[in-house]
Amino acid sequence: MSIRVSDLAKELGVTSSQLISALHDLGVEVAGPTSTIDEDTAELVRELLASQSAGVTEVPENVIVRDFADILGISPSDVQKALIEMGVLASLTQTIAFEQAEKVAAKLGKDIRKGTGRAPTPAKPKAKPKAAPKGARERPPVVTVLGHVDHGKTSLLDAIRNTRVTAGEFGGITQHIGAYQVIKNDKPITFIDTPGHAAFTAMRARGAQVTDIAVLVVAADDGIMPQTREAIDHARAAGVPIIVALNKIDRPDANPERVKQQLAEVELIPEEWGGDTMVVPVSATEGTGIDDLLERIQLQAEVLELTADPAADPEGVVIESRLERGRGPVATLLVQNGTLKIGASVVVGSTYGKVKAMIDDKGQRVQKAGPATPIELLGLQDVPNAGETLTAATDDRHARQAAQERTDREREERLASSAKVSLEDLYRKLREGEVKELNVVIKSDVDGSAEAIRQSLDELSTDEVAVKVIRSSVGNVAESDVMLAAASSAIVIGFNVRVEKEAIAAAERERVEVREYNIIYELLDDVRKAMAGLLEPEEKEEIIGHAQVRQLFKTPGGMVAGSYMQDGRITRNSLVRVMRDGKVVFSGGVDSLRRFKEDVREVVSGFECGIQVDGFNSIQENDIIEAYEIQQVARTL
Ligand code: GDP
């Protein structure tokens, strides 16, 4: 049994980052809110948090931000975020007054009082060593470059690629195959060579998580722009850590401090301000800062503890694909686990084949490819789609069969439901445990309404179903909104905006529900209704009648109570309580219900009947049999 970090955080009433830092205290490192941990580790965290929350924490009159975070047992950046929300921009070493500390604590759901500053010492359960799967070895990180148009994504990817030539790396020149590797400190890093979140999200929509780390390019002369925000949403929705490349630092109008301020406002708090976001100044055109960026990527990769097992069966994901004259279907594949070898039979999405040749990013033919290696693959029967996965098969026949089964299954799934998620079928999905939250992408005409809708939707959340707004912004519903929704099993809500043509096509293709509204009330009402269906029906007991026992008959099948219905009714399916002197002496069901030796379904007030109570033979004259039913009531919010 494993449990998602974000789910456990919800259960414990803490933020994911608080939980991740608690896990860190236990010696368990996780990548992000979407990572999973095992049940034993979850139990340890529950204990740790329970012991921490017991008692009020003492905080000195004036306290340094970092110490305050320590005392509370949370990450300093959470304290800073809370302070920012209060309009206070504080560095790690800054002192805050108790009144401020108190407000921060309240925001974070902690109780504090003035004192020595000692936390109630939590009984730290011993951390269990993290059990890496057998055969698992460190593997290179896979990095995607995201950011606003013209901020320098392509230039940055070029600059990184060029380090190969300057470093004199063997076969320095890269062929464009959709991904490449560079070596830094003797360790490879894999870059996806298609910048931007369109490809990133298209892959996620197909269920493939390729990227371990996102490099967010922000031009120092331009700052955070709409697509920067989009990119952040996408990376966050994928639970991928973000490293900021502060590009164009060479430009005279570059203003790094302003960008850092903007980053802090979207909760990417720079490390030098005590947050945990690495911000690396670079110039893609001049090639400065690139080494530093690569080192930071490796640092982040170490934290993520990325592993794969080279000896396992090969698994991979398609990054790009095309049909080439003379070569047939060509797919750029990123091997994710195991080692892919020439001659292997493989299934890729709904096609299959035998690995005829593999070409690496230097244009060299290779015999095998291990984890995080990008290669061009020849030998498939058909062109697979980006985001489709490769698995191994024992031979061609099995590969063909598996590919066919996959195609059939996909067709069935497509027919089975018109949308991956829709307001109508949320209830069923929830009941089947498929979803626990309603993810929503909101597009609206003005910022004010976007914010109002976000807040109102947030307020609809209940303990059982959370409404999670994964993106809320101004503008028409665009294709990228639909793709984000597809990747996150979300619905798209357009408020007073148009749905672009490409978005309509994408919604059909990706089976995403797009709903349009002009009146906030109607929007909220629809969501509320869907959530009422979303919630498990409440069980309500209804007393339906009382019978008085007047005479007892012993029968071979047990004791039958000759009774008189005083009020209401009793049915064959009723549940009953036997009451004696006002006290319940038995509760159970009805075994038989008869009138004049005839089995009947129901007896109503004013009639006599024979009732046999299931499993109860010590019934007595004058007992009252109370009949009741359990009704399932759909809840309203
Ligand atoms: P993309 O749309 O994000 O891929 O951006 P490009 O890489 O195409 O860059 C957009 C423009 O910014 C191009 O004219 C680049 O030459 C320029 N550019 C990119 N990086 C830098 C940089 O570090 N410094 C300067 N001065 N210009 C840059």
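Just so you know, ligand 1 is whichever comes first in the structure, and atom 1 is the first atom listed for that ligand.
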Report summary line: Under 4.0 Å from one or more heavy atoms of His148, ligand 1 contributes atoms 3 (O)

Report task. Indicate the atoms forming the closest heavy-atom contact of Arg139 with Val142, along with that distance. Result -> NH1-CG2, 4.3 Å

**Report entry** Top protein contact for atom 4 (O) of ligand 1, by heavy-atom distance
**Finding:** Thr154 OG1, 2.5 Å

Query raised in the report: Using a distance-only test with no angle check, is there a side-chain donor-acceptor pair under 3.5 angstrom linking Asp361 and Gln181?
Result: no

Query - pair Gln209-Val240: side-chain heavy atoms closer than 4.5 Å - result: yes

Requested in this report: Would you check, one step at a time, whether the test side chain to side chain donor-acceptor pair (under 3.5 Å) holds for Asp222 with His148?
Outcome: CA-CA 10 Å; Asp222 204 21; His148 193 69; 5.2 Å; no

Report task. Ignoring angles and geometry beyond distance, decide whether Ala284 reaches within less than 3.5 Å of ligand 1 through its nitrogen or oxygen atoms. Result -> yes

Query raised in the report: In the protein, which heavy atom is nearest to atom 18 (N) of ligand 1, and how far is it?
Result: Lys248 CE, 3.6 Å

**Report entry** Arg229 side, atom CZ; Leu216 side, atom CG - distance, nearest 0.5 Å
**Finding:** 11.5 Å

Query - For the student: nearest non-hydrogen atoms of Ile470 and Ala490, plus distance - result: CD1-CB, 4.0 Å

Requested in this report: Give the numbers and elements of all ligand 1 atoms closer than 4.0 Å to a heavy atom of Asp250.
Outcome: 22 (C), 23 (O), 24 (N), 25 (C), 26 (N)

Query raised in the report: Side chains of Leu340 and Val346: closer than 4.5 Å at any heavy-atom pair?
Result: yes

Query raised in the report: What residue and heavy atom of the protein are closest to atom 25 (C) of ligand 1, and at what distance?
Result: Thr285 OG1, 3.3 Å

Requested in this report: Starting from atom 20 (N) of ligand 1, locate the nearest protein heavy atom and write down its residue, its atom name and how far away it is, to 0.1 Å.
Outcome: Asn247 ND2, 3.1 Å

Query raised in the report: For Arg251, is at least one N or O under 3.5 Å away from an N or O on ligand 1?
Result: no

Requested in this report: Assess whether salt bridge (charged side-chain N to carboxylate O under 4.0 Å, His left out) is satisfied between Glu376 and Arg365, documenting all intermediate values.
Outcome: CA-CA 9 Å; Glu376 269 191 346; Arg365 283 185 171 249; over 6 Å; no

Query raised in the report: Hey, which atoms in ligand 1 end up nearer than 4.0 Å to a heavy atom of Asp150?
Result: 1 (P), 2 (O), 3 (O), 5 (O), 10 (C), 12 (O)

Query - Atom indices of ligand 1, in the order listed, that fall short of 4.0 Å to a heavy atom of Lys153 - result: 1 (P), 2 (O), 3 (O), 4 (O), 5 (O), 7 (O)

Requested in this report: Compute the ring centroids of Phe191 and Tyr180, then answer whether they are less than 6.0 Å apart.
Outcome: yes

Report task. Return yes when at least one protein heavy atom is under 4.0 Å from atom 13 (C) of ligand 1, and no when none is. Result -> no

Requested in this report: Indicate yes or no: does an N/O atom of Gly152 lie under 3.5 Å from an N/O atom of ligand 1?
Outcome: yes

Query raised in the report: Which heavy atom of the protein is the closest neighbour of atom 6 (P) of ligand 1, given with residue, atom name and distance?
Result: Ser155 OG, 3.6 Å

